Number of protein chains: 2
Amino acid sequence: MLLSYDGFAFHGFQRQKDLPTVELALEEALSLLDKKGRKVKVTGAGRTDRGVHALGQVVHFDISWPHGPAALRKALEANLPSSIGIYEVVPVDFAFHARRSALWRKYAYFIWKGDCRLPHLSRYVWWNRRGWDMDLAKKFLTMIKGFHDFGAFCRKADRPSDARRTIMEAGIEEKGPLLKISVTGRSFLTNMVRIIVGTMDEIATGRKSLEDISRLLSGGSRGEAGPTAPAEGLFLWEVRYDPMPFGCEEYNAVTGNFIL
Amino acid sequence: MLLSYDGFAFHGFQRQKDLPTVELALEEALSLLDKKGRKVKVTGAGRTDRGVHALGQVVHFDISWPHGPAALRKALEANLPSSIGIYEVVPVDFAFHARRSALWRKYAYFIWKGDCRLPHLSRYVWWNRRGWDMDLAKKFLTMIKGFHDFGAFCRKADRPSDARRTIMEAGIEEKGPLLKISVTGRSFLTNMVRIIVGTMDEIATGRKSLEDISRLLSGGSRGEAGPTAPAEGLFLWEVRYDPMPFGCEEYNAVTGNFIL
């Protein structure tokens, strides 16, 4: 199924005992609906951290449900907190795996560089008032595209032995003081997009140079990259499969103009 | 000054004893800043009801403040709750009056007609799942343009003896199941935009006919129009003056892509 959630309501996607997590909320609601009374487990395409939002998360699960996918969507949404919305539930083949079948994932990060507070958007943007050299910001995004060792852009405790990843697309859109940074890759390391944005802030304000980055991209320590940007600006935006199992009409209407 | 606020936090714009209202919050914060310690009174361009949002409200006031408008904006925002944002403070001539100098006001109303819940936008849209005939909805908006007696589109207790008003523009934008209705007029009656939207819902679902409306527009009772649509979808969007006292850069960045 394709779903969205407000990261403010959760301690991240992944189950953590009894803390409110997206996984726990989904599994509790789905288990209530299983006709054989079994516990339903879900597998998500991306494990978002605490406070991170999703507009296009995908999860798969097995359930006994005789009434069809539209009725399941409706029943499920009725059993979930208002911080989770279910766009679509579709039946898939047993071979489909939300994480492993994904071709790529796209994250979006919103930054507000204005002087004034935004009461309606404050939960969804990083309010960063430092003056940015947009040319440097764009050069940085161009540099990170491609296949690199992103070990320095990973939470230290989670760094894998092979931290090489491919960034397929990275770009920035501007509307005056409102920025949207988009990063697309097959898979990401823990906190990778937030550390990319935090490093971009240091580049764009001259605290780090592009030369520092070119060294970092062939390996480096976490301390050499910038800080982890706040969770509130980050959205798991899209997960792509081939073929796409969803129609996406409602998803497209929401993401097509969301903030910027 | 030009400001925005989240209507959820307030019992409307206008002061009501000690209830949290936008007027009270602004007057308390400004009075703290007045160098002569005087109580500052504000006058708003539009009195939004309880729960109604503003992205472009304008208020004027007199204050003793020696440090210039940019410093006043900053000091004021620091003294206000996070549900109010101040885009710009500009000095104006004594002849300027936020309400009386306004040429027109524009309201926007957002409707979500999708099946699924929108966790990030639920405070800002009316979730109305009834099937709409968009052609009827558009014809209705065309009919209300111009100079009519809108007495039936006013909260009963507030109906003035002369309820004739001019609607300069009325239109609807669609992006799949997301709708934005915009209504522009010199001035509005109490609840007028919400009753227009509530009546539009009855027209677009066939519960009222366009003939009913043409009769209503030359006067009618409140009961003959549709119900008052919920406050959460409504935004005071723009107030226009000639000349405009504001630069509007941040305002334009926010309103240019807000929801739709």
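Labels below follow one simple rule: chain letters A, B, ... track the order of the sequence lines, proteins then strands, and each chain is numbered from 1. Quantities reported herein were computed from a predicted structural model and do not represent experimental measurements.
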Check B/G85 against A/P119 and note the closest heavy-atom contact, atom names and distance.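 Closest pair (atom of B/G85, atom of A/P119, distance): N-CG, 3.5 Å.
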Might you point out which heavy atoms bring A/I259 and B/N257 nearest each other, and give the distance in Å?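 For A/I259 versus B/N257, the nearest heavy atoms are O-CB, 3.2 Å.
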Atom group of [X] that falls short of 4.5 Å from chain A, counting heavy atoms:
X      : answer
B/L3   : neither
B/F8   : neither
B/S122 : neither
B/Y87  : both

Mind ranking [options] by heavy-atom pairs under 4.5 Å with chain B and telling me who comes out on top?
options                      : value
A/L121, A/I84, A/L178, A/L55 : A/I84
A/D6, A/I86, A/D115          : A/D115
A/A9, A/P81, A/A70           : A/P81
A/G176, A/S83, A/P177, A/S82 : A/S82

Can you establish whether the number of heavy atoms outside A/R50 located under 6.0 Å from its atom CZ is more than 12? no
More than 12 foreign heavy atoms under 6.0 Å from CZ of A/R123: is that the case here? yes
Of the listed B/N252, B/L260, B/L118, the one with the largest count of heavy-atom pairs under 4.5 Å with chain A is B/L260
Check: B/F235 ring centroid to A/H120 ring centroid under 6.0 Å: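 Yes - the distance between ring centres of B/F235 and A/H120 falls below the 6.0 Å cut-off.
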B/R117 side-chain N/O to A/E77 backbone N/O, donor-acceptor pair under 3.5 Å: yes
Donor-acceptor check, side chain of B/E250 to backbone of A/C116, threshold 3.5 angstrom: yes or no?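 It does hold such a pair.
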